[in-house]
Amino acid sequence: MSADSRGIGLESADAGSESESTELESQIGKWRSYLGHRGIMNAADMEELEDHLRQQIDGLVSSGLHTDEAFLIAVKRLGALDDLSREFAREHSERLWKQMVVPGGGASEPGTWATPEARVVLALAVAAGAMVKLPALLGLLEGAREDWFYALNAPLLVLPFLTAYFLWKRGRTAVHWALPAGVFVAFALVVNFYPFVTDGHTQTLTALHLPIALWLLVGLAYAGQRWREVAGRMDFIRFSGEFFIYFVLIAVGGGILIAFTLMVFESIRMDAEWFVQQWIAPCGAAGAVLVAGWLVEAKQSVVENMAPVLARIFAPLFAILLLAFLATMLVTGQGINVEREVLIAFDLLLALVLGLLLYSISARDPVEPAGLMDGVLLVLVVSALLVDVLALGAIASRISDFGFTPNRVAALGENTLLLANLSVSAWLYFRFITGRRGFAALERWQTRFLPLFAIWAAVVVLVFPPLFGWW
């Protein structure tokens with residue numbers, strides 16, 4: 001054999017070995033991500049378990065097994081995690097997985113009503129629905145505007161039950177229940193005893209920002225001790241996106257149910273609209289919050305598979321929208337109208353872009369190299385950043401001309417936070433795409449920054465009403 005042919009053979013072997021190593025690291029990354037997403041152990045325990053897994057794989061490869069086979073057998077040998085390995089096999093495997101890890105049979109599928117957890121969720125959902133109707137049944141709404149009462153109190157009537165579900169599921173002690181309970185009570189006292197001017201700006205801002213502030217409490221309960229870890233906070237970001245999808249799907253189904261309810265009773269000349277408006281709609285919406293949270297927890301892999309698809313569909317579309325908007329402004333010379341409705345719409349648009357970025361980050365495998373989708377997301381972030389700069393300029397000009405109002409100050413704070421977040425995100429994404437920094441830096445930045453939005457929302461709820469004379 002010539003030297004050239006031997007060299008080619010060695011290069012081929014090295015390439016094959018490198019390919020197997022890359023595939024193995026990808027499999028281990030998915031396995032680790034799955035365990036981390038389930039929230040069953042902290043980072044130190046996971047590191048120790050991964051070391052044990054790698055030792056098992058090395059020993060099996062040394063005995064002559066292919067890396068794929070070695071990985072499957074090593075996972076199976078982790079006896080303490082047999083049930084979890086079986087779940088991992090169901091959700092991430094092809095036929096080989098199911099033959100080697102899933103022996104068949106087993107307990108009830110998660111996400112069915114046959115489990116004790118499902119019965120707890122059902123009880124909490126019923127309790128949340130009852131809590132929504134309790135103020136009216138007790139006569140607390142007499143002389144008060146019902147629409148404003150529920151606009152301010154709906155999160156306080158429902159989110160405590162979702163928080164309780166996660167505290168129960170994570171096995172938290174009474175001490176850990178006390179803090180969120182105290183915060184919920186404090187916010188309830190504030191929003192119900194502040195002397196708001198009816199239909200005033202601070203009352204509207206409170207109704208808009210209170211759910212954001214309280215969602216952080218849900219996150220603390222969801223992540224538990226893992227909140228201090230990037231992976232724990234990223235899991236909550238992933239949960240939030242998946243929760244939104246499930247809730248919307250349930251709401252669509254509920255809307256269809258309501259439509260048919262009205263139709264069938266109308267066929268016998270019975271008006272069921274009052275019953276739908278007063279009971280089915282509010283109680284169903286409250287219960288749907290609990291059911292959506294439980295479904296995300298029990299059926300995590302179903303929506304995770306949707307995340308990359310949604311990102312690939314909507315990220316380019318929103319990037320095109322923002323680029324078209326910027327181009328139109330440049331050509332026409334028109335500035336941004338900073339009326340209250342426009343400010344709210346712009347903040348919602350930029351928040352949606354940020355949510356799309358976060359959802360894309362949470363669904364992405366951090367060990368994968370940069371690709372076309374990362375370039376699209378960078379364009380999206382940069383275009384959103386430019387729009388935010390223009391919005392901030394318009395807000396600052398409006399404040400300079402007409403002074404401070406609650407809406408303008410709230411928008412100024414929110415757009416400043418978005419400016420900081422998007423600026424650093426664009427820089428980190430650019431460095432990742434150019435190979436100068438890993439993807440983990442972007443994850444760390446987002447998970448550390450996000451609580452600032454909840455803190456600002458709490459400031460708007462607690463400080464703005466007295467600061468602006470309840471107007």
Inset, instruction - Using modelled atom types only, decide if a donor and an acceptor are shared between the side chain of Lys133 and the backbone of Gln278 within a distance under 3.5 Å. - result: yes
Inset, instruction - Give a yes or no answer on whether the side chain of Asp388 reaches the backbone of Leu419 with a donor-acceptor pair at less than 3.5 Å. - result: yes
Inset, instruction - State the CG-CG distance between Asn153 and Leu210, to the nearest 0.5 angstrom. - result: 8.5 Å
Inset, instruction - Give a yes-or-no answer on whether the side chains of Tyr194 and Gln203 include a donor-acceptor pair shorter than 3.5 Å. - result: no
Legend entry - Check against side chain to side chain contact (heavy atoms under 4.5 Å, CB included), Thr416 and Leu392: CA-CA 7 Å; Thr416 301; Leu392 272 171; 3.9 Å; yes
Inset, instruction - Using atom types as modelled and distance alone, determine if a side-chain donor or acceptor of Thr328 lies under 3.5 Å from a backbone N or O of Ala324. - result: yes
Legend entry - From Leu216 atom CG to Phe236 atom CZ, the distance as rounded to the nearest 0.5 Å: 7.5 Å
Inset, instruction - Look only at the side chain of Thr447 and the backbone of Met234, and say whether a donor-acceptor pair between them is shorter than 3.5 Å. - result: no
Legend entry - Main-chain N/O of Gly393 paired to Ser397 side chain as donor or acceptor, under 3.5 Å: no
Inset, instruction - Before accepting this row, confirm whether a basic side-chain N of the pair Arg238/Glu443 lies closer than 4.0 Å to the acidic partner's carboxylate O. - result: no
Legend entry - Crowding at CZ, Arg431 (>12 non-hydrogen neighbours, <6.0 Å): yes
Legend entry - Point-to-point distance, once rounded to the nearest 0.5 Å, from CZ of Phe187 to CG of Leu189: 11.5 Å
Legend entry - Atom pair CZ (Phe325) and CZ (Phe318), whose distance is rounded to the nearest 0.5 Å: 14.0 Å
Legend entry - Val183 and Leu179, any side-chain heavy atoms less than 4.5 Å apart: yes
Legend entry - Parallel, tilted or perpendicular, as decided by the 30° and 60° cut-offs, for the rings of His201 and Trp471: tilted
Inset, instruction - Evaluate side chain to side chain contact (heavy atoms under 4.5 Å, CB included) for Val460 paired with Leu208, printing each intermediate quantity in order. - result: CA-CA 10 Å; Val460 173; Leu208 292 173; over 6 Å; no
Legend entry - Side chain to side chain, Trp215 and Phe243, heavy atoms closer than 4.5 Å: yes
Inset, instruction - Measure from NZ or CZ of Arg437 to the centre of the six-membered ring of Tyr429 and say whether it is under 6.0 Å with the direction within 45° of the ring axis. - result: no
Legend entry - Close side-chain approach of Trp294 and Leu124, heavy atoms under 4.5 Å: no
Legend entry - Spacing of CD belonging to Glu242 relative to CZ belonging to Phe239, to within rounding of 0.5 Å: 8.5 Å
Legend entry - Chi angles and distances behind the side chain to side chain contact (heavy atoms under 4.5 Å, CB included) call for Tyr150, Leu157: CA-CA 9 Å; Tyr150 282 111; Leu157 295 172; 4.0 Å; yes
Legend entry - Inter-residue atom distance Ser240.OG - Ile245.CD1, 0.5 Å rounding: 11.5 Å
Inset, instruction - Given side chain to side chain contact (heavy atoms under 4.5 Å, CB included), test Asn192 with Phe149 step by step and report yes or no. - result: CA-CA 8 Å; Asn192 286 287; Phe149 176 84; 3.9 Å; yes
Inset, instruction - On the 0 to 90° scale, with breaks at 30° and 60°, tag the Phe449-Phe453 ring pair as parallel, tilted or perpendicular. - result: perpendicular
Legend entry - Contact check, side chains of Asp199 and Trp148, non-hydrogen atoms, under 4.5 Å: yes
Inset, instruction - Mark yes or no for whether Arg172, through its side chain, and Trp177, through its backbone, hold a donor-acceptor pair below 3.5 Å. - result: no
